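Before any comments, here is the structure.
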Amino acid sequence: MGTPQLDKTYDPKAVEARWSQVWSQQGYFHASPTHPGQPYCIVIPPPNVTGSLHVGHALNHSIQDILIRWRRMQGRNVLWLPGTDHAGIATQNVVEKQLMAEGASRESLGRERFIERVWQWKATSGNTIVSQQKQLGESCDWDRLRFTMDDGLSKAVLEVFVRLYEDGLIYRGERLINWCPRCQTALSDIEVEHEDVKGKLYHIRYPLADDPHTALIVATTRPETMLGDTAVAVHPDDPRYHHLIGRKVCLPLTTREIPIVGDAILVDLEFGTGAVKITPAHDFNDFEAGERHKLQRLQIFDHHALIDAAKLQDASVDREIIEALRGLPVTKARPKVEALLRERDALVKVEDHKMALGKCYRCKTVVEPYLSPQWFVKIQPLADPAIKAVEDGRIRIIPEGWTNNYLGWMRDIKDWCISRQIWWGHRIPAWYCESCNAGRFKRFIETGESKTASTRLIVAPDATPIVAKSAPTRCPDCGGHNFLQDEDVLDTWFSSALWPFSTLGWPEHTPELKAYYPTSTLVTGLDILFFWVARMIMLGLKFMGDVPFREVYIHALVRDAEGQKMSKSKGNVIDPLHVMGQFGTDALRFTLASMASPGRDIKLAEDRIEGYRNFANKIWNAARFSLMNLDGPRTAAAPSERTFPDRWILSRLNQTIQLVTSELEAYRFDRAANALYHFIWHEYCDWYLELIKPTLQHSASPDGPGTRQTLVETLET
RNA sequence: AGGCGGAUAGCUCAAUUGGGAGAGCGCUGCUUUUACAAGGCAGAGGUCACAGGUUCGAUCCCUGUUCCGCCUACCA
């Protein structure tokens with residue numbers, strides 16, 4: 001090669017584009033199970049197809065890329081497997097918004113056409129994030145790109161669902177679940193975000209049925225649900241009230257009499273008045289108390305969280321009260337009930353009280369406890385082995401501190417509600433024989449936000465489902481041929497829980513599965529430890545008989561200026577692509593790596609990125625200087641014959657390599673980055689290059705620079 | 001309510017097992033001598049949140065306090 005004249009300053013755009021092309025043309029990132037070397041595999045946490053790359057991805061992916069390229073340099077058989085997630089509710093919301101802008105709606109299209117529309121949307125703009133990932137220089141094996149709803153993965157979902165059902169680990173039942181009245185679907189416990197709000201504690205007089213002059217004062221934060229009360233509880237050891245157990249009180253605003261029960265679990269002697277109303281259909285504690293005392297569940301809100309007048313009628317509510325409350329949402333029903341109680345002199349007092357309000361993690365709407373038939377995974381039998389795997393070190397969580405977090409949650413885990421009343425997702429493979437279940441179906445017209453309608457099928461909780469990988473043709477019980485399929489789809493996280501083996505070809509026995517499972521490392525943020533990591537461990541152990549990964553590295557969260565979590569719906573996302581355009585991709589990636597120290601969240605400062613842009617430029621110019629001085633003879637002298645600066649820099653180089661290696665082994669990307677920075681800038685450039693300038697006219701040194709260039713370029717990018 | 005983490009230079013953040021406190025950006029002065037002014041050299045700037053304790057010695061270990069953040073939670 002002659003003497004190419006490099007530009008005086010580093011131009012990331014041109015250089016990045018060139019290298020990116022070389023990489024993909026040469027197929028450097030393509031993995032094969034037959035390649036030599038010990039396998040090293042990372043499956044990427046699949047970003048939502050709706051998404052575009054945000055700084056959190058940039059951090060998460062940069063860390064993985066560092067590990068991947070580092071292991072590749074060590075000669076391991078490396079696979080970095082990319083993909084995207086169908087993100088049920090989130091994606092459905094995005095497409096629904098588009099429809100709304102066109103004056104259409106999900107309901108007006110109907111299920112089939114709506115799903116087609118989502119696929120269409122996915123085809124046109126769903127891969128935005130993938131091209132952005134490529135722009136970030138991620139060295140994934142792009143030939144193996146997967147999607148949680150592609151054929152192979154859907155097959156895996158079916159297989160898992162049916163087997164779990166056959167093992168008795170999936171069941172259907174009517175339970176109180178978290179319901180988002182806007183998304184019109186059930187949510188799992190962890191899909192609810194809690195927020196402290198200022199509320200009030202209402203003290204309400206419930207007169208005794210046989211002695212109207214005496215009353216039990218009940219304290220509640222939700223007076224609007226009282227019309228669904230089916231009992232009042234006191235503590236069995238409470239000297240004030242225990243003699244009342246077994247008697248009845250009149251429920252204000254109604255003609256109903258409800259029993260007083262003793263319940264030591266529900267009632268806290270210290271709190272409020274010591275008397276608690278029990279509303280089994282609208283409160284989780286009360287639901288359980290209702291189970292204990294075999295109480296009726298009276299639902300007074302409908303699926304839009306509006307007062308259901310018809311149900312109030314069944315519940316013996318006074319006629320004028322029904323008219324006053326008809327169709328009111330919770331927020332309006334509460335002050336209305338308060339006023340009605342006041343009119344009747346049933347309200348003793350109201351005091352301030354802070355309480356936690358549950359909100360939908362996708363749309364921030366206030367979630368209501370709602371009684372409905374849903375599908376659940378019986379989780380305890382899956383959780384136990386998943387706890388053991390972490391306890392005995394088969395899976396190591398880094399930083400270690402999160403281990404207790406994981407264990408604590410797993411030990412107290414509750415059954416997982418996996419059915420969602422939306423359209424976009426894996427439809428539950430359950431069918432109901434029409435003749436066997438006659439009378440157990442209910443269809444109702446559903447009005448969406450656009451006032452156009454579609455029908456929804458509700459199947460009674462006591463119906464008998466047939467769970468199979470494909471639609472049954474003949475009912476095993478009655479020989480009938482007509483079936484209705486369950487309309488629910490699965491929680492998005494159900495398919496992502498299979499990700500480490502479904503992407504490798506399971507349930508087929510593929511060479512990939514054999515070579516790369518268990519995968520090596522999982523890199524993720526803390527926010528999806530329970531959503532995703534815990535469930536992968538449970539299902540990996542269940543279906544592969546081995547852990548899905550050996551190490552879990554949990555990195556910091558990138559926050560915005562106010563320390564808030566960045567999220568698409570909040571619109572406070574910093575665009576990494578913009579930053580990359582301004583300072584270069586390597587500058588961004590190096591910045592993120594250098595800030596990835598454990599135990600602290602990252603607040604991204606632009607000045608910092610600029611500093612590392614300068615660093616990239618420094619490297620560029622070191623290379624430029626070297627090329628300008630490469631003319632002339634080069635000899636690889638024996639160590640003893642090398643000049644002092646040469647020997648010194650080579651020894652420093654080797655120490656740096658060792659240091660960086662050990663830091664990477666410890667997942668200390670910040671320290672690895674700093675070691676590189678210090679060596680390259682302050683030792684190699686400041687001292688070595690300056691020292692050899694006088695001798696460069698002659699011969700001795702210049703193969704040192706060559707080795708160093710390659711080291712730098714590959715290690716950090 | 002419980003659990004965890006943080007508090008270090010003007011700003012964003014480091015500091016390997018207890019011993020001299022660092023980087024980037026910003027700031028001051030000098031420097032345009034052919035790798036790089038996105039550079040080089042020199043420098044200012046810190047009661048390491050607060051109060052105790054252990055120790056020959058504490059930013060680091062222990063106790064308590066204050067402030068901030070996060071996670072979990074059914075106190076009606």
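Letters A, B, ... are given to chains in the order of the sequence lines, protein chains preceding strands, and every chain is numbered from 1. It should be emphasised that the depicted structure is a prediction, and the values quoted were computed from it without experimental measurement.
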request  = Evaluate the ring planes of A/H282 and A/F301, with Trp represented by its six-membered ring, and classify them as parallel (under 30°), tilted (30 to 60°) or perpendicular (over 60°).
outcome  = perpendicular
ask   = Distance check: side-chain N/O of A/K414 vs OP1/OP2 of B/U72, anything under 4.0 Å?
value = no
query = Does the side chain of A/Q380 pick up a donor-acceptor pair with the side chain of A/D384 at under 3.5 Å?
reply = yes
task = With a 3.5 angstrom cut-off on both distances, give the Watson-Crick or G-U wobble partner of B/C50, or none if there isn't one.
result = B/G64
request  = In sequence, state the C-alpha distance, the side-chain angles, and the governing distance for A/E400 and A/T403, and then conclude on side-chain hydrogen bond (donor to acceptor under 3.5 Å, both in side chains).
outcome  = CA-CA 6 Å; A/E400 213 178 338; A/T403 308; 5.9 Å; no
query = What's the CD1-P distance between A/I680 and B/A23, to the nearest Å?
reply = 18 Å
ask   = B/G40 C1' sits how many Å from A/F615 CZ, rounded?
value = 17 Å
task = State whether A/W681 places a side-chain N or O below 4.0 Å from either non-bridging phosphate oxygen (OP1 or OP2) of B/G40.
result = yes
request  = Please report, rounded to the nearest Å, how far the C1' atom of B/U72 is from the CD atom of A/E193.
outcome  = 14 Å
task = Rounded off to whole Å, could you give me the CD-to-C1' distance for the A/E663 and B/A15 pair?
result = 12 Å
request  = Kindly point out which of B/G40, B/A73, B/C70 is positioned nearest to the side chain of A/K618?
outcome  = B/G40
request  = Start with the C-alpha distance between A/Y677 and A/Y612, add both sets of side-chain angles, then the distance that settles ring-ring contact (aromatic ring centres under 6.0 Å, His included), and finish with yes or no.
outcome  = CA-CA 9 Å; A/Y677 185 92; A/Y612 289 117; 5.5 Å; yes
query = Given B/C13, is OP1 or OP2 found less than 4.0 Å from the side-chain N or O atoms of A/R671?
reply = no
request  = Check the side chains of A/S594 and A/D670 for a donor-acceptor pair under 3.5 angstrom, ignoring hydrogens and angles.
outcome  = no
request  = Can you tell me the pairing partner of B/C27 across any strand shown, Watson-Crick or G-U wobble, with both distances under 3.5 angstrom?
outcome  = B/G43
request  = Classify the nucleic acid contact of A/F271 as base, sugar-phosphate or nothing, counting any heavy atom under 4.0 Å across all strands shown.
outcome  = base
task = Look at all strands and tell whether A/G274 reaches a base, only sugar-phosphate, or nothing, counting heavy atoms closer than 4.0 Å.
result = base
remark   = Picking from B/A1, B/A14, B/A76, the nucleotide nearest the side-chain atoms of A/K354 would be B/A1
key: Length of the CZ-P vector between A/R613 and B/C25, whole Å   = 10 Å
query = Across the strands shown, which category fits A/F530 at heavy-atom distances under 4.0 angstrom: base, sugar-phosphate, nothing?
reply = sugar-phosphate
query = Using a cut-off of 4.0 Å on non-hydrogen atoms, how would the nucleic acid contact of A/Y677 be classed: base, sugar-phosphate, or nothing?
reply = sugar-phosphate
inquiry  = So A/L529, base contact, sugar-phosphate only, or nothing? Heavy-atom distance under 4.0 Å.
reply    = nothing
inquiry  = Given B/C74, B/A38, B/A14, identify the nucleotide with an atom nearest to the side chain of A/N285.
reply    = B/C74
remark   = If pairing means Watson-Crick or G-U wobble with both distances under 3.5 Å, then the partner of B/G2 is B/C71
request  = Among B/A76, B/G24, B/U12, find the nucleotide with the atom closest to the side chain of A/H682.
outcome  = B/G24
query = Below 4.0 angstrom, N of the basic side chain to O of the carboxylate: do A/R297 and A/E291 qualify?
reply = yes
message = Whole angstroms only, please: what is the CD-C1' distance between A/E288 and B/A76?
response = 14 Å
inquiry  = Within the 4.0 Å heavy-atom criterion, would you say A/R222 contacts the bases, only the backbone, or no part of the nucleic acid?
reply    = nothing
note = Taken to the nearest whole Å, CD/A/E400 to P/B/C4 is 14 Å
ask   = Base, sugar-phosphate, or nothing for A/N405, non-hydrogen atoms under 4.0 angstrom?
value = sugar-phosphate
ask   = Does A/N614 have a side-chain nitrogen or oxygen under 4.0 Å from the phosphate oxygens OP1 or OP2 of B/C25?
value = yes
message = Checking A/E193 against A/Y361: is there a side-chain donor and acceptor pair closer than 3.5 Å?
response = no
query = To the nearest Å, how far apart are A/D196 CG and B/C70 P?
reply = 11 Å
ask   = Looking only at side-chain N and O atoms, does A/H353 come under 4.0 Å of OP1 or OP2 in B/A76?
value = yes
